[in-house]
There are 2 protein chains.
Amino acid sequence: MRILVVGGNAAGLSAASKARRTAADVEILVLERGRDISYAQCGLPYLLSGMVADEAALVHFTPAGIMRERGIEVRTGHHVTALRLSEHQVLGERTDGTPFAEPYDRLILATGARPRVPPALSPPASNVFTLHTYQDLRRLRVFLAAQKPPRVTIVGASYLGLEMAEAFRTLGLAVTVLEAAPQPLPGFDSPLASLAADELARNNVHLMLERPASALDIDGGGICRAVVGDWGSQHCDAVLLALGVRPNVELAEQAHLRLGPTGAIPTDRRLATERPGVFACGDCAETVHLVTGKPTWVPLGSTANKQGRVAGANAVGGDESFPGVVGTAGLRLFNLEMARTGLSLREAQASGFEAAVVTITAPSRAAYMRGASEITISLVVESATRRILGAHAAGKEGVAKRVDLFAVAAAQGLTADDVAGWDLSYAPPFAPVWDPVLVAANVARRR
Amino acid sequence: MRILVVGGNAAGLSAASKARRTAADVEILVLERGRDISYAQCGLPYLLSGMVADEAALVHFTPAGIMRERGIEVRTGHHVTALRLSEHQVLGERTDGTPFAEPYDRLILATGARPRVPPALSPPASNVFTLHTYQDLRRLRVFLAAQKPPRVTIVGASYLGLEMAEAFRTLGLAVTVLEAAPQPLPGFDSPLASLAADELARNNVHLMLERPASALDIDGGGICRAVVGDWGSQHCDAVLLALGVRPNVELAEQAHLRLGPTGAIPTDRRLATERPGVFACGDCAETVHLVTGKPTWVPLGSTANKQGRVAGANAVGGDESFPGVVGTAGLRLFNLEMARTGLSLREAQASGFEAAVVTITAPSRAAYMRGASEITISLVVESATRRILGAHAAGKEGVAKRVDLFAVAAAQGLTADDVAGWDLSYAPPFAPVWDPVLVAANVARRR
């Protein structure tokens, strides 16, 4: 029995490791296109800014280590270029250009995602970057060390865009962020997005809204001099494109696997695709949204790790389930912690819910304690039932794990009335007697 | 219609305020025995230590203010001494000794709790204290300012005992804590209690375990010179008794209201007592434990506030429910945040569950991030079903709101398998890709 995994990061290696723990005797081969495996991709902005205490800690495993410790063979520099599903075989090309073919009994697709870069912003330039892989970070660091650019322009006030804005500011660069939407972090309800905008301003990040980038002005030396739109142009010394990611599904598509409405690979609760013996997990896979019941695609490391385990167990005959997601995500932006779960009001309405939102502000600790700060929560409920559809929050401390409480409520189909009765921890140094979670639920009940 | 509330703190004033919001036209009278109302009792240790930013913020309302803003009459210095339930009347005595009688249509008992002091430790001494009311704190502060005692002995490594140990250390006193049990915080599972003991040691609090106090050695001048037990004696300059609290139920008892197995006043989901028109809420009331389904008594400000609202609404004809509690509680001890919910292993077994505990340690942030610290979680599950029965945790940050996630799981009857699938927020600055909550659930699944 041979398990073949395409992709050697979060989902792929979680799958391989779980398959090994479940079945000691199967052969497991992981093929990775790049030169790095098993690194904490979400840590890259913090590696740049110096917030990572130990650079080596970002890489969990080397191929030699994972073979030694888990008996999993990982081949880097192995680019799979075609799936031959009928023949149970994959074809590919090594970095040196030599072809390879590998048979399998079970196939796990963990091909991940890659930065979304519109064609107009694609022409190569030596000072234009994306940041998705360790290799991307290496290229950026070499550039920063050699060129010492005083100014960087980030295209996209996405999670990554803003995390990188902080990293660049920490390094002392002047930072401008161009965003097409009228607010940063377009997935957040606007009261929360405003708090993010304030935090950027406080930290001297120049945020320019409603500034879609339509072209790069690249000089004869292959250097981008400005980001251009119909609004004018923004001069720059370096550019980071942070317009989100899209799933790597070309292999699946060429093998005639149907893609889902999100553009990713549809999976069932066992993370099986429509083809027997073929699983998909991580950023290339579509899953179900537990609030809407519809297909969704929320590429995140936490989901990739969970899905990898499920796909790995099932590839060796297990029957584990991935329940789906509620779209929980968060970031820290300088001194502002932000998180969201479920649906925003706009998303709820687009999904056909009759919904309402309440926005409250309450202290993170007892209001009279030193160090207390405000947490703002926007809570989205179904109007008739007061079912929790989503929550968005921001504040200096204690935000994300409070949003997690709403993530549970949304996943379990609980109402604001249920939440209002919750027996949550209380002590003046970490919560007021009415926790912000309860305040939001109570206000939603009363409206 | 006249609503009479006995007790003018968290539960009583929440009840009065909710009754007012629900019914603008009823008369509401609150009788409070002491001179203070509406203050944050849990903030008293922090007022002593200087952690309270604004002393005035500890008092939410004065009687004049609550009359002006909410139309609620509050009379302080009014000690209710007897309930005449058949006559719908209460009798009492003012501070100046004059008697009073007040009729009512609906009665809300919010008589609270008071420090548990065994008779052997009761003889009055000028340097022996309890800390339950604002008045207690005033007396302690006057003593500290006048006598400047270098050493204090705290009897009881309870939540309050340890919060006060921190406060006294902050003020520069030498602190010894005597505890009868073999661990501090006897309600916590022992791995967590050990972390508390370590934190006390790190902060030069002298913790002496298995040292039950059986007497006070009081000299002819009425000064306690030592706390005495069969283990010897501990010299002291001041003593704080922190042996927990018990419900103030004498009024109810004398009026032939049946007391529950916990010693507090039984209530139904509407917080009605067995006598029509008589409600009980807060620290004097018994409620249901949502894990065991049995009566429980967990006196906490958060519960008192919630119960007050329910009792207040129902006293004026509403039909609100208090769902019960899962025994969630927490404290911050120097740099250690601790919280618990549900049942400890011992409590689970005593309640007839076949239960098991797993203890895990996982980082509060991505392990590679500066500032990451360890969170330890003991998770108690029912052996056969893996239903979450309780969780205890400690760490430097992000502990209590993670325990709240288990509080929800315990209240909802969810299993470790359910929890393992939760879509929790993840970003390197505030959570690892496998949140400690998920790690604990996964370990519980595998055992």
Side-chain angles (χ1 to χ4, degrees), chain A residues 10 40 42-43 46 51-54 57-58 159 290 300-303 305-306 321-332 337 339 341 366-370 372 398-405 407-409 411-412 414 421-431 433-435 437-438, chain B residues 10 40 42-43 46 51-54 57-58 159 290 300-303 305-306 321-332 337 339 341 366-370 372 398-405 407-409 411-412 414 421-431 433-435 437-438:
Chain A
C42 307
Y46 305 100
M51 282 296 293
V52 171
D54 170 14
L58 221 60
Y159 287 58
L290 294 172
L300 281 175
S302 46
T303 298
N305 273 277
K306 283 196 208 90
S321 284
F322 181 75
V325 300
V326 284
T328 313
L331 78 162
R332 177 165 273 276
E337 187 174 307
T341 191
Y368 51 77
M369 293 290 284
R370 289 187 200 285
V399 172
K401 297 298 131 185
R402 284 184 166 99
V403 167
D404 283 351
L405 287 160
V408 173
Q412 298 285 333
L414 303 182
W422 278 352
D423 185 17
L424 303 184
S425 57
Y426 157 58
F430 57 69
V433 70
W434 288 106
D435 193 276
V437 168
L438 303 178
Chain B
C42 307
Y46 305 100
M51 282 297 292
V52 171
D54 170 13
L58 221 60
Y159 287 58
L290 294 172
L300 280 176
S302 45
T303 299
N305 274 277
K306 282 196 210 91
S321 285
F322 182 76
V325 300
V326 283
T328 313
L331 78 163
R332 176 164 273 276
E337 185 174 306
T341 191
Y368 51 78
M369 292 290 283
R370 289 187 200 283
V399 172
K401 296 298 129 187
R402 284 184 167 98
V403 166
D404 283 350
L405 287 160
V408 173
Q412 299 284 333
L414 303 182
W422 279 353
D423 186 16
L424 302 184
S425 57
Y426 157 57
F430 58 69
V433 69
W434 288 106
D435 193 277
V437 167
L438 302 178

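Everything quoted here is computed from the prediction, not taken from an experiment. Just so you know, these numbers use all the heavy atoms, side chains as well, and skip hydrogens, waters and symmetry mates. Within every chain, numbering begins at 1; the chains are lettered A, B, ... in the order of the sequence lines, protein sequences first and strands thereafter.
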Item to check | Which portion of B:Ala10 sits near chain A, non-hydrogen atoms under 4.5 angstrom | outcome: neither
Checklist entry - Say you draw a straight line from CH2 of A:Trp434 to CG of B:Asn305; how long is it, rounded to the nearest 0.5 Å? => result 5.5 Å
Item to check | Heavy-atom pair count under 4.5 Å with chain B, highest-scoring of A:Val403, A:Val326, A:Thr303 | outcome: A:Val326
Checklist entry - Looking at B:Thr328, B:Val399, B:Thr341, which makes the most heavy-atom pairs under 4.5 Å with chain A? => result B:Thr328
Next on the checklist: Heavy-atom pairs under 4.5 Å with chain B - which of A:Ala431, A:Gly43, A:Gly324, A:Ala409 has more of them than the others?
Outcome noted: A:Gly43
Checklist entry - Salt-bridged, B:Asp404 to A:Lys401, with N to O below 4.0 Å? => result no
Checklist outcome for this item: So, the part of A:Leu290 with a heavy atom under 4.5 Å from chain B: the answer is neither
Checklist entry - Does any N or O in the side chain of A:Ser425 come within less than 3.5 Å of the main-chain N or O of B:Ala329, such that one atom is a donor and the other an acceptor? => result no
Next on the checklist: Taking every non-hydrogen pair under 4.5 Å, which of A:Val437, A:Leu438, A:Asp435 racks up the most with chain B?
Outcome noted: A:Asp435
Next on the checklist: Using a 4.5 angstrom heavy-atom cutoff, name the option from A:Gly398, A:Ser302, A:Gly301 with the most pairs to chain B.
Outcome noted: A:Ser302
Checklist outcome for this item: Minimal heavy-atom distance between B:Ala427 and A:Gly330, with the atoms involved, is CB-O, 3.5 Å
Next on the checklist: Has A:Asp423 got a side-chain atom pairing as donor or acceptor with B:Gly327's backbone, closer than 3.5 angstrom?
Outcome noted: yes
Checklist entry - Side chains of A:Pro323 and B:Trp422: closer than 4.5 Å at any heavy-atom pair? => result no
Item to check | Which portion of B:Ala367 sits near chain A, non-hydrogen atoms under 4.5 angstrom | outcome: neither
Item to check | Top contributor to chain A interface from B:Ala57, B:Ala407, B:Ala53 [non-hydrogen pairs under 4.5 Å] | outcome: B:Ala53
Next on the checklist: Looking at every non-hydrogen atom in both residues, tell me the closest pair between A:Cys42 and B:Tyr368 and how far apart they are.
Outcome noted: C-OH, 3.9 Å
Checklist outcome for this item: Whatever's closer than 4.5 Å to a heavy atom in chain B on A:Ala400 counts as both
Item to check | Candidate pair B:Val408 and A:Leu405, rule side chain to side chain contact (heavy atoms under 4.5 Å, CB included), full reasoning | outcome: CA-CA 8 Å; B:Val408 173; A:Leu405 287 160; 3.7 Å; yes
Next on the checklist: Report which part of A:Leu331 has an atom under 4.5 Å of a heavy atom belonging to chain B: side chain, backbone, both, or neither.
Outcome noted: backbone
Next on the checklist: Please rank A:Arg332, A:Met51, A:Glu337 by heavy-atom pairs under 4.5 Å with chain B and give me the top one.
Outcome noted: A:Met51
Item to check | Per-residue contact mode, A:Ala372 against chain B (heavy atom under 4.5 angstrom) | outcome: neither
Checklist entry - Which one, B:Gln412, B:Arg402, B:Arg370, leads in non-hydrogen pairs under 4.5 Å with chain A? => result B:Arg370
Checklist entry - Is it the side chain or the backbone of A:Val52 that comes within 4.5 Å of chain B heavy atoms, both, or neither? => result both
